[in-house]
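Scroll down for the structure; my scribbles are underneath it.
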Amino acid sequence: KLKWSDPRLNLAPTVVCNFNQDRNTFMRFKKIVFTLMVIFPALSFAQEIPRDKMVEDFTQLSSIVNDFYRAKPLVEKRTQSNISGQLNSLLKACDTIQTKEEFADLIRMALNVFNDKHTAFANGSTIKMYLSRFPSVANFGGITLSDTLFADYFFNLSNSIMPQMKTGIRSKYINGHYYNVRAFNYQGMSVKAGEEITAINHIPISDYVRQNKFKLFNLAWDENNQQWYSELFWLNKYVIDNEIFILTIGNKDVTLSCNEKVNLTQEIKQFSTSPLVIAFDSILYVRMPIMYNGQWFAEQIISNYNNDIIKIIIDIRGNNGGQDKAWKEVLSSIINEPITIKSHILMNDNEAVKKVLPLYNLEAPQVLNTDTILPSDNNINFKGDIYILQDSETYSAASSLTSIAFQHKNIISVGQPSPYISGRGLTPLIFKLNHSGIVFRMPFTIDLSGEKANPYMNKVEIELQQSIGEYLTKTTINPYDIDFIKNNDTMINYIKKQ
């Protein structure tokens, strides 16, 4: 028997549920409870958490950071920040908040400090993945199957703010500037796509983002302009609580209501990408939207290759990662001789990390390694240049592929740098905060293979900045259509001229 008032669930109503110990029954029970939480949120998690428990959880987070987050000094140098100081500042909020929801938002803001997509709330699916593939890592973090209930709630809670902002507007950040990307009319005012947005509530956006960075979503760092940015800078609970906000767009102030959608004056088109391997104009084009199924790509490369091919393009724009194995299989099908990849991956050298090392079959808190990618048995024996296309959305295992270009003359990276520290690493650790039950992931390695040329492993060798006009074109014409790729894609047109 398990009561909803049981401290393991922290739920209010006293309802007795009987269930067998088998996993299927538990999963059905979980779905029922989660459904009820969605329908009756006030009866589920919206309850007070004592200040001392919040402080203990936040202190636990800070300890995890100090023990395991090897990238800390690199992030501080790159973003000109003090992570410990920022966490201490956020800790003071425990004096003014009361509920688990408010505390979860505080933890979300704390994770914003790290400018790392891998440092984030984990949902139920992530927990199941760890339990099935990395059970020892999950066990180290105190994670069990029952944690999926709270993990899904807090993960969805952190993403629930988007529907509360009903305006329907969007922006694009390019090289220090924000642009409106959806033309609209509102209260007699007309705003065109491509007009620059310069202020919110009469505060320059760069200043607003700097002052409110913890509160924002999709926070990123612009290395070239040395500033934080968020393309959703108006999306935060503080703006929503005020209901009204003012954007300075072009030469006019537009007063918007969070509860009212603007009248969009252009059709919103949504385009989806898919894996593709095709030959055209003496180029073999390989589009990898996700870093999986490397063998499929290898087979397509071999079948589509012909002797007229003089350049190969591997397009990983928008690719958020997956497995290094995928791009290794792709390269293996292309290269005519072995290529080496040097890795210099470091961890903190302390007692906490030493307890983690056996989970990864390591003996020391560093990996100095040289991988060798061998040509596959039926490779295409290609001897020309291989171009890797990256954009600001390329991340994780995808950016690992980009980073190796600095080590090989005939592998050339083109596009935009990542706004995050990238490179290769080990599976992130996963932890649960003891009192709130919040589950989050945090990497504990850093890749220093780029040395001085690419210290954050996020650069490209040939940087091609996108203009707002080029971006807007891709919102009206399908950028994944083969005719667009052949004739209108600026990066590919650049490579054709090389």
Short side-chain donor-acceptor distance under 3.5 Å, [Y] and [X]:
X	Y	answer
Asn123	Ser125	no
Thr490	Asn493	no
Asn175	Asn224	no
Asn115	Arg78	yes
Ser333	Asn379	no
Tyr173	Asp222	yes
Arg108	Ser158	no
Gln416	Ser392	no

### Query
What pairs of residues pass the ring pair (Phe, Tyr, Trp, His ring centres under 6.0 Å) test when at least one of them lies in residues 386-430, not counting sequence neighbours?
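For residues 386-430, and leaving out neighbouring residues, the ring pair (Phe, Tyr, Trp, His ring centres under 6.0 Å) pairs sorted by first residue read His118-Tyr395, Tyr395-Tyr420.
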Would you mind reporting whether [Y] and [X] have side-chain heavy atoms less than 4.5 Å apart?
X	Y	answer
Ile169	Leu256	yes
Val330	Ile334	yes
Ile143	Val439	yes
Pro428	Tyr130	yes
Leu284	Val277	yes
Ile197	Thr248	no

### Task
Could you please spell out the steps behind the side chain to side chain donor-acceptor pair (under 3.5 Å) verdict for Ser63 and Asn66?
CA-CA 5 Å; Ser63 296; Asn66 291 332; 5.7 Å; no
### Message
Checking Ser160 against Leu157 for the side chain to side chain contact (heavy atoms under 4.5 Å, CB included) test, could you report, in this order, the C-alpha distance in whole Å, the side-chain angles of both residues, the deciding distance, and whether it holds?
### Response
CA-CA 5 Å; Ser160 65; Leu157 183 69; 4.1 Å; yes
### Option passing ring-ring contact (aromatic ring centres under 6.0 Å, His included) with Tyr178 (candidates Tyr208, Tyr229, Phe233)
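Passing option: Phe233.
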Can you tell me if [X] uses its side chain to pair, donor with acceptor, with the backbone of [Y] under 3.5 Å?
X	Y	value
Ser467	Glu470	yes
Trp327	Ser400	no
Asp147	Phe150	no
Gln226	Glu223	yes
Asn458	Pro417	no

### Task
Answer yes or no: is there an ion pair linking Glu231 with Lys172, defined by an N-O contact shorter than 4.0 Å?
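Lys172 and Glu231: salt-bridged.
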### Glu393 and Arg317 ion-paired at < 4.0 Å
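Between Arg317 and Glu393 there is no salt bridge, as every charged N stays at least 4.0 Å from the carboxylate O atoms.
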### Task
Kindly indicate, with the supporting measurements, whether the criterion side chain to side chain contact (heavy atoms under 4.5 Å, CB included) is fulfilled by Leu429 and Arg441.
CA-CA 6 Å; Leu429 296 169; Arg441 298 201 307 160; over 6 Å; no
Using every non-hydrogen atom in the two residues, find where [X] and [Y] come nearest and quote the distance to one decimal.
X	Y	value
Thr148	Ile127	CG2-CG2, 3.7 Å
Val414	Met491	O-SD, 4.2 Å
Gln227	Ser206	OE1-CB, 3.7 Å
Ile485	Pro479	CG1-O, 3.7 Å
Leu359	Val137	CD1-CA, 4.1 Å
Pro275	Phe297	CB-CZ, 3.6 Å

### Task
Would you kindly check if the NZ (Lys) or CZ (Arg) of Arg70 is within the cone defined by 45 degrees around the ring axis of Phe444 and under 6.0 Å from the six-membered ring centre?
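Verdict for Phe444: no cation-pi partner in Arg70.
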### Task
Could you check whether the rings of Phe154 and Phe121 sit parallel, tilted or perpendicular, using 30° and 60° as the cut-offs?
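Geometry flag for Phe121 against Phe154: perpendicular rings.
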### Query
For residues 195-216, which residue pairs qualify under salt bridge (Lys or Arg N to Asp or Glu O under 4.0 Å), counting only residues two or more places apart or in two chains?
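Only Glu195-Lys252, Asp207-Arg210 qualify under salt bridge (Lys or Arg N to Asp or Glu O under 4.0 Å).
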### Message
Filter on salt bridge (Lys or Arg N to Asp or Glu O under 4.0 Å), then keep only pairs touching residues 330-353, sequence neighbours left out; what's left?
### Response
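Non-adjacent pairs meeting salt bridge (Lys or Arg N to Asp or Glu O under 4.0 Å): Glu351-Lys354.
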#### Entry: Approximate separation, where rounding is to 0.5 Å, of Met442 CE and Thr119 OG1
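If we round to the nearest 0.5 Å, Met442:CE and Thr119:OG1 are 4.5 Å apart.
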### Asp385: salt bridge (Lys or Arg N to Asp or Glu O under 4.0 Å) partners, not counting sequence neighbours
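Expected list: none.
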#### Entry: Whether over 12 other heavy atoms sit under 6.0 Å from Lys496 NZ
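Yes, enclosed.
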### More than 12 heavy atoms of other groups within 6.0 Å of Glu363 CD
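No, because the 6.0 Å sphere around CD of Glu363 holds 12 heavy atoms or fewer from other groups.
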#### Entry: salt bridge (charged side-chain N to carboxylate O under 4.0 Å, His left out) between Asp105 and Lys237, intermediate numbers included
CA-CA 10 Å; Asp105 193 51; Lys237 67 184 295 293; 5.4 Å; no
### Query
Step by step, would you call Gln300 with Tyr305 a side chain to side chain donor-acceptor pair (under 3.5 Å)?
CA-CA 8 Å; Gln300 293 297 309; Tyr305 178 76; over 6 Å; no
### Task
Check the pair Val239 / Cys258 against side chain to side chain contact (heavy atoms under 4.5 Å, CB included), numbers first and verdict last.
CA-CA 8 Å; Val239 169; Cys258 301; 4.0 Å; yes
### Task
Test side chain to side chain contact (heavy atoms under 4.5 Å, CB included) on Asn82 and Glu76 and set out the steps.
CA-CA 6 Å; Asn82 183 323; Glu76 291 179 328; 4.0 Å; yes
### Query
Which residues pass the side-chain hydrogen bond (donor to acceptor under 3.5 Å, both in side chains) test with Asn348, sequence neighbours left out?
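Once residues adjacent in sequence are excluded, Asn348 has no partner under the side-chain hydrogen bond (donor to acceptor under 3.5 Å, both in side chains) criterion.
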### Message
Determine whether Lys311 and Asp281 satisfy the following criterion, salt bridge (charged side-chain N to carboxylate O under 4.0 Å, His left out), listing intermediate values before the conclusion.
### Response
CA-CA 9 Å; Lys311 298 172 185 175; Asp281 299 340; over 6 Å; no
Please table the atom pairs, donor to acceptor, closer than 3.5 Å between any side-chain atom in residues 286-293 and protein atoms at least two apart or in another chain.
residue	atom	partner	partner atom	Å
Arg287	NE	Thr273	OG1	3.2
Arg287	NE	Ser274	O	2.9
Arg287	NH1	Tyr480	O	3.0
Arg287	NH2	Ser274	O	3.1

### Task
Give the intermediate values and the outcome of side chain to side chain donor-acceptor pair (under 3.5 Å) for residues Ser230 and Asn218.
CA-CA 6 Å; Ser230 168; Asn218 293 358; over 6 Å; no
### Query
Does the salt bridge (charged side-chain N to carboxylate O under 4.0 Å, His left out) test come out yes or no for Arg424 and Asp447, once each step is laid out?
CA-CA 6 Å; Arg424 304 179 70 186; Asp447 188 352; 5.8 Å; no
